[in-house]
Number of protein chains: 2
Amino acid sequence: MLSERQRMILSAIVDDYIRSAEPVGSRSISKRSDVLFSPATIRNEMADLEEMGLLEQPHTSAGRVPSIKGYRYYVDHLVRLGGVKEQDVHTLRGFFAEKMMHWEGAVSHAATILSQLTNYTSIVLGPETFHTSLKHFQLVPLNETSAVAIIVANTGHVEHRNVSIPEGIGMDDIQKIVNLLNDKLAGIPFFRLKSVLHSEVAKELSRYVDHCEHILAMLEQSIEDEAEPKVFLSGTTNILTQPEFKDVDKVKSILDMFEETPKIMQLFQSLPDGIQVRIGTENALEAINQCSLITATFSADGQPLGTIGILGPTRMDYGKVISLLDYLSKDMSQLYSRWYK
Amino acid sequence: MLSERQRMILSAIVDDYIRSAEPVGSRSISKRSDVLFSPATIRNEMADLEEMGLLEQPHTSAGRVPSIKGYRYYVDHLVRLGGVKEQDVHTLRGFFAEKMMHWEGAVSHAATILSQLTNYTSIVLGPETFHTSLKHFQLVPLNETSAVAIIVANTGHVEHRNVSIPEGIGMDDIQKIVNLLNDKLAGIPFFRLKSVLHSEVAKELSRYVDHCEHILAMLEQSIEDEAEPKVFLSGTTNILTQPEFKDVDKVKSILDMFEETPKIMQLFQSLPDGIQVRIGTENALEAINQCSLITATFSADGQPLGTIGILGPTRMDYGKVISLLDYLSKDMSQLYSRWYK
DNA sequence: GATTAGCACTCGATCGGTTTGAGTGCTAAC
DNA sequence: GTTAGCACTCAAACCGATCGAGTGCTAATC
């Protein structure tokens, strides 16, 4: 258990270090107007905090730096959520005022704004289509052998792919298939689609057309792709402006990760609702062991839709980022709830 | 005009420097088995080459480094196109064997492979839809007030966006509109679509439905978006492995550029057909004044479709990259020509 | 006349040593 | 319990010496 004074000193050190990126000495703390103790007293407390594992010393004659545990304590007990700056609220208003033509547009735009407001990297994962349902299915023939299959979800999400048409299937066959599929599948949630496809559609389809396995397989694949949420990144190079990432090698592994969507998905897997903070080694991936990831989920009518996240150095402005993510995720949830109806 | 010996020395220096990234001295050149002159002779020639502006000296007591002009001469007259390595041909075969479901899939996959084979950054711009035509238009209503508009090109390219439905338009109106548009617009190339929309469709549409300006505006916008070629990047972090880009600041401006699609498009604007090499400051953007960009166009049946490019340091393996791009662009042209039919 | 051996010279890189200064821990006085 | 005082530590900055890769020039050689 920390004394009031220890908490205040820890808080001051973390705040200072977040601002300056330099180890914080006892003198500079005692100079602060809200601190009434001499450097020597501070030093004693700092030694205790270090013993508890909340602070670290890069070397004996340097100031202190928060440890992962120190950041954790700070985030859990000390951080002041200043709320969102007037100016930032304004920027965000602009975002929501704009007409969003796509799902993708809105989400990627949100990512851009987030990275600009924070100067960190923003990651947005969405939308989960697991609970959305099929609105419309369409096959547009391009020529005798190939066609475009288009799947529209009730959220307005569109997925498409080129498919080849099996020999011996004519235009009217295709129309029949499309009609059948729309009849049987429209309104079915994606997570049930696969089983419905097998149980109800397969038999019926085989009555109309030969070689229908091919079509079924294609449909299944499309459904699976559709179910995969997409990742949007913005401000990937912002990490380069951080003094602790001057070294190219440190940065490389992080930037490499950004090119690997599956790794990012893994990072976001099974995050609980609300705001989550993962500090340094608390993250699953070694590449970002020197980074912190703050995430917030957004949803529509209680259905989880996706996650927005900010990745920055462990020395991140937690107060600002948490406030911002909280604000934005709630607004996005509202936006999408409205959109849903 | 260069003597045979000067050409050989220049070639040796460029080759060496490309391999080692270190300034090349006279001794190391004269040691090569195919060079029969003493370091002193080489030095004299090097001094002459420097006077001509083909070589540069970082400082008096260092070896020589090719200048932009030197690389230019090398690329224009000296580079040996070794052809594509057996192993790389194999990898590329694998690429073309795979079934491509989308346009996007094929192009982005090509980008990935290119960056892996070269260890540079690959940029693929495509496809130009300017000369492709509209295959199918579809409006899928989501609810009373919004719908998804879907445009399918004859290449299988799909563009979509959410639109809001003006008050007072019912489901059967929408069906009428869709039918009309498909009747009038199917088969029309995109670059003529806008004028046809105004001349033929507008009047007819106003007969059916009130408030049709909204729908027309939306269509126009979609067509313009569709016409915009897309940019695919891969291996954006490869530049970080180059010794001359150890400095974070140098790298930042390049990586920042990768996040700005319009800048990349600008870079690729109005490139002539075939292989193009832009060395250092020959590039339009200051951010890549220390890089070279090699591009190759691909087409289907003579219609230009897009461009593939490799961005690397000026100290790039020109022979390998040029061969590779030449090979791949030709294969892609074939692939898409077949696809077209 | 072209080539090359020889040599003085240049200059960045590296290495060891010194100095500086920010910061600490400990002790003793308040 | 707090703090002034002091010895101590150690990275960073500074400095000069040395090293060595590479050059340009000149004179000897082929």
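Letters A, B, ... mirror the listed sequences (proteins, then strands); counts begin at 1.
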Exercise. Less than 4.0 Å between a side-chain N and a carboxylate O, is that true for A:Asp16 and A:Arg32?
Worked result: yes
Nucleotide N/O to protein N/O under 3.5 Å, stretch nucleotides 5-7 of chain C:
from, atom 1, to, atom 2, distance (Å)
C:dG6, O6, B:Arg43, NH2, 3.4

For this session: Go through A:Glu45 and A:Leu10 one step at a time and tell me if the side-chain contact (heavy atoms from CB on, under 4.5 Å) criterion holds.
Result: CA-CA 9 Å; A:Glu45 297 286 26; A:Leu10 176 58; over 6 Å; no
For this session: Tell me which of A:Asn44 and B:Ala62 sits closer to the 5' end of DNA chain D, going by the nucleotide each one is nearest to.
Result: A:Asn44
Seminar exercise, completed: When A:Gly63 and B:Phe37 are each assigned the nearest nucleotide of DNA chain C, the 5'-most assignment goes to B:Phe37
Exercise. At under 4.0 Å, does any side-chain N or O of B:Arg64 touch on OP1 or OP2 of D:dT23?
Worked result: yes
Problem set entry | Test log, rule side-chain contact (heavy atoms from CB on, under 4.5 Å), inputs A:Leu117 and A:Leu92 | CA-CA 10 Å; A:Leu117 289 183; A:Leu92 290 167; 4.2 Å; yes
Exercise. In residues 9-28 of chain B, which ones come under 4.0 Å of DNA chain D, going by heavy atoms?
Worked result: B:Gly25, B:Ser26
For this session: State which of D:dT2, C:dT4, D:dG24 makes the closest approach to the side chain of B:Thr41.
Result: C:dT4
Problem set entry | Listed once per pair and sorted, the side-chain hydrogen bond (donor to acceptor under 3.5 Å, both in side chains) pairs that draw on residues 277-293 of chain A, sequence neighbours left out | A:Arg72-A:Glu282, A:Ser292-A:Tyr318
Exercise. Quick check: does any side chain N or O of B:Gln57 sit under 3.5 Å from a backbone N or O of B:Thr60, one acting as donor and the other as acceptor?
Worked result: yes
For this session: Would you kindly give the CD-to-C1' distance between A:Glu45 and D:dG1, to the nearest whole Å?
Result: 11 Å
Exercise. Are any side-chain N or O atoms of A:Gln6 and backbone N or O atoms of A:Ser3, one a donor and one an acceptor, separated by less than 3.5 Å?
Worked result: yes
Seminar exercise, completed: Between CE of A:Met46 and P of C:dG25 the distance, given in whole Å, is 8 Å
Can you check nucleotides 7-10 of chain D for protein contacts, nitrogen or oxygen pairs under 3.5 Å, and list what you find?
from, atom 1, to, atom 2, distance (Å)
D:dT9, O3', A:Thr60, OG1, 3.4
D:dT9, O2, A:Ser61, OG, 3.4
D:dC10, OP1, A:Thr60, OG1, 3.3
D:dC10, O5', A:Thr60, OG1, 3.4
D:dC10, O4', A:Ser61, OG, 3.1
D:dC10, O2, A:Ser61, OG, 3.1

Exercise. Can you check the A:Leu55 CG to C:dG23 P distance for me, whole Å?
Worked result: 15 Å
Problem set entry | Salt-bridge present (A:Glu50, A:Arg64; N to O < 4.0 Å) | yes
For this session: Grab the NZ-P distance between B:Lys31 and D:dA21 for me, whole Å please.
Result: 9 Å
Exercise. Would B:Tyr327 and B:Asp88 count as having a side-chain donor-acceptor pair, cut-off 3.5 Å?
Worked result: no
For this session: Could you verify whether a donor N or O on one side chain and an acceptor N or O on the other, from B:Ser234 and A:Glu259, lie under 3.5 Å apart?
Result: no
Quick one: which protein N/O atoms are closer than 3.5 Å to N/O atoms of nucleotides 28-30 of chain C? Pair and distance per line, please.
none

Exercise. Rounded to the nearest 0.5 Å, how far apart are CE of B:Met1 and CE of B:Met52?
Worked result: 10.5 Å
Exercise. Would A:Asp326 and A:Lys330 count as a salt bridge (charged side-chain N to carboxylate O under 4.0 Å, His left out) if you check the C-alpha gap in whole Å, the side-chain angles of each, and the deciding distance to 0.1 Å?
Worked result: CA-CA 6 Å; A:Asp326 186 51; A:Lys330 281 176 183 158; 3.2 Å; yes
Seminar exercise, completed: A:Glu50 atom CD is separated from C:dC26 atom P, nearest whole Å, by 11 Å
Exercise. Between the side chains of A:Asn238 and A:Thr121, is a donor N or O closer than 3.5 angstrom to an acceptor N or O?
Worked result: no
Problem set entry | Lys/Arg-Asp/Glu bridge criterion (N-O < 4.0 Å) met for A:Arg19, A:Asp317 | no
Exercise. Expressed in angstrom and rounded to an integer, what is the separation of A:Gln6 atom CD from D:dG1 atom P?
Worked result: 13 Å
For this session: Report the distance from atom CG of A:Asp48 to atom P of C:dC26, rounded to the nearest whole Å.
Result: 11 Å
Problem set entry | Set of ring-ring contact (aromatic ring centres under 6.0 Å, His included) partners for B:Tyr73, sequence neighbours left out | B:His77
Seminar exercise, completed: To the nearest angstrom, the CD1-P distance between B:Ile29 and D:dG22 comes to 11 Å
